[in-house]
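Every chain is numbered from 1, with letters handed out A, B, ... down the list of sequences.
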There are 2 protein chains.
Amino acid sequence: MTLEIDRSGHGSATDQRVDLAVSTVIFALRPHPVTGEPTVWLPLVRRIREPFEGRWALPGGPLQPHEDLASSAQHTLERTTGLTPNHLEQLYAFGRVDRSPDRVVSIVYWALVRAEEDAQVLPVPNVEWFVADEVSGLAFDHDDIVEYALTRLRAKITYSPIAYGFLPEEFTLAQLREVYEAVLGRQLDPANFRRQMIGRLQATGRCLEGLSHRPPALYRHDPTPSRTTLTFEETR
Amino acid sequence: MTLEIDRSGHGSATDQRVDLAVSTVIFALRPHPVTGEPTVWLPLVRRIREPFEGRWALPGGPLQPHEDLASSAQHTLERTTGLTPNHLEQLYAFGRVDRSPDRVVSIVYWALVRAEEDAQVLPVPNVEWFVADEVSGLAFDHDDIVEYALTRLRAKITYSPIAYGFLPEEFTLAQLREVYEAVLGRQLDPANFRRQMIGRLQATGRCLEGLSHRPPALYRHDPTPSRTTLTFEETR
DNA sequence: ACAAAAGTGTTACTAGTACACCCATGC
DNA sequence: GCATGGGTGTACTAGTAACACTTTTGT
């Protein structure tokens with residue numbers, strides 16, 4: 001029990017406060033366990049207390065008074081995966097009264113991490129990775145949240161240069177196309193894809209060698225601010 | 001002072017809790033005071049206590065434990081304007097540590113109300129309407145929030161049928177075009193505008209009469225779900 | 001030489017834009 | 001008739017999609 005000053009101006013002894021948590025949907029690409037195709041995965045944490053003890057849930061926790069929202073999301077991500085996000089963006093604030101037995105509002109972020117680093121990560125206790133499209137039975141309303149995060153990822157990749165968040169510094173056009181195909185779930189024409197992307201890329205001059213065919217050129221993301229829809233942080 | 005149970009699991013006597021508030025950016029169209037052109041306005045509330053006592057701020061208040069986020073936003077809107085929103089959508093959760101002397105996270109909604117009803121509304125004490133593009137010097141980070149809400153309004157009107165939120169049930173194409181022109185801040189070609197809109201409208205068969213020229217047809221919004229980007233509530 | 005993937009050229013289609021023009025009404 | 005805004009036709013443009021074709025490497 002802690003003595004708290006009631007700043008809401010209308011409290012009473014029976015007045016519950018609303019708890020505030022920050023959670024993060026962390027996306028990475030890994031091969032699908034059956035098909036081997038690049039697929040969107042995400043890490044979940046097994047709950048070790050009620051409510052929903054034993055169920056899988058999005059990583060997160062209560063917001064610390066000294067911490068910004070995005071910092072909280074990023075720290076959760078680093079604790080859960082040992083990685084630094086390549087893209088981090090607020091998803092939505094979920095606050096239905098009935099989403100938890102106690103009253104919790106969750107501000108949810110979504111993030112992209114690189115598959116290359118991801119593969120080197122040591123396993124974290126109580127954390128397991130799942131194919132994003134196949135998760136269900138999560139704690140709270142986290143099924144809905146994951147589905148909505150996927151919707152946003154798939155929408156945003158079509159008009160904003162976020163695909164690089166899944167890739168290393170240098171990459172081939174085929175790798176970039178694989179990212180789009182994994183996220184959108186359909187094949188893209190390599191010829192047209194090339195023409196659409198080439199303007200936003202910097203050629204490194206080098207090629208990826210050692211394959212059994214013509215060596216593809218390596219590119220780097222050109223951060224020239226081409227016109228996109230901006231998130232709040234980006235508009236400031 | 002109220003006795004509160006510390007549910008965060010890491011509290012101490014010096015541990016401040018984070019307060020949670022819900023605010024609403026309410027947009028309506030009114031004639032510009034100088035030009036007379038339809039313009040985006042919004043109501044603000046004068047703060048009657050510190051911090052920022054005497055400054056204008058977005059209407060809102062602490063989230064009640066029994067209330068959903070959107071309900072809280074809507075109740076604030078009804079208290080402030082006496083109106084029912086025609087469109088209500090979550091904007092963003094603002095939580096920078098330094099945005100207020102005490103620690104407050106604000107979940108902000110934005111809403112559209114109809115100008116017709118709006119004109120009949122009785123004045124509410126401490127509430128005043130301002131031209132949205134001209135507000136500045138607001139309390140907290142509310143200048144930034146208003147600017148971001150305008151950015152979202154202008155972006156969303158280009159790909160989502162929200163303009164009807166400003167209009168009565170039946171309207172002419174010229175009225176609909178005026179809404180777009182007011183929001184986007186530029187003239188639109190009437191001929192092309194007609195062709196772009198006509199597919200999403202239901203003709204009522206009636207016309208607006210009594211003008212000194214050819215009477216324009218009256219239309220109604222066709223709620224057939226054409227493909228748009230969906231907000232979270234709409235995806236469920 | 002052949003397979004495989006990189007990369008180019010060409011055409012068709014679509015959505016948006018600019019703008020000339022006709023239509024229907026009140027005065 | 002004439003002014004005014006409602007409403008139609010049409011040509012131009014840019015971006016996308018489909019797909020045939022050429023290039024360059026390893027084996």
Return the value, rounded to whole Å, for the distance between atom [atom1] of [X] and atom [atom2] of [N].
| X | N | atom1 | atom2 | value |
| --- | --- | --- | --- | --- |
| B/Q187 | C/dC19 | CD | C1' | 16 Å |
| B/M197 | D/dG6 | CE | P | 15 Å |
| A/F193 | D/dA17 | CZ | P | 12 Å |
| B/D189 | D/dT10 | CG | P | 17 Å |
| A/R186 | D/dT16 | CZ | P | 12 Å |
| B/L176 | D/dG7 | CG | C1' | 15 Å |
| B/L173 | D/dT4 | CG | C1' | 17 Å |
| A/Q196 | D/dA18 | CD | P | 11 Å |

- Distance test, side-chain N/O of B/R177 to OP1/OP2 of D/dG6, below 4.0 Å: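 Yes, because at least one side-chain N or O of B/R177 sits under 4.0 Å from OP1 or OP2 of D/dG6.
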
- Task: Examine D/dT8: is either OP1 or OP2 under 4.0 Å from a nitrogen or oxygen in the side chain of B/R194? Give yes or no.
- Result: yes

[X] side chain: which of [options] is closest?
| X | options | answer |
| --- | --- | --- |
| B/A191 | C/dA18, D/dT8, D/dA17 | D/dT8 |
| B/P216 | D/dG6, D/dT16, C/dG7 | D/dG6 |
| A/R214 | D/dG7, C/dA5, D/dG6 | C/dA5 |

- Message: Under a 3.5 Å distance rule, please check whether A/R114 uses its side chain to pair with a backbone N or O of A/L167 as donor and acceptor.
- Response: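 Here the side-chain-to-backbone pair exists.
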
- Message: So if I apply the side chain to side chain donor-acceptor pair (under 3.5 Å) rule between A/E170 and each of A/H221, A/R206, A/Q175, which one comes out positive?
- Response: A/R206

- Message: On DNA chain D, does the nearest nucleotide to A/N192 precede the nearest nucleotide to A/P215 from the 5' side, or the other way round? Give the residue.
- Response: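 By nearest-heavy-atom nucleotide position, the 5'-most residue is A/N192.
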
- Task: Check if the side chain of A/R195 and the base of C/dG7 share a donor-acceptor pair of N or O atoms closer than 3.5 Å.
- Result: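 By the distance-only test, no, there is no pair.
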
- What is the ring orientation for A/F130 with A/W56, classed by angle as parallel under 30°, tilted 30 to 60°, or perpendicular over 60°?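 Perpendicular.
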
- Query: So, for A/W41 and A/H32, is the gap between ring centers shorter than 6.0 Å?
  - Reply: no

- Task: Please report the closest heavy-atom contact between B/A139 and B/A57, naming both atoms and the distance.
- Result: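 So the minimum-distance heavy-atom pair works out to CB-CB, 4.0 Å.
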
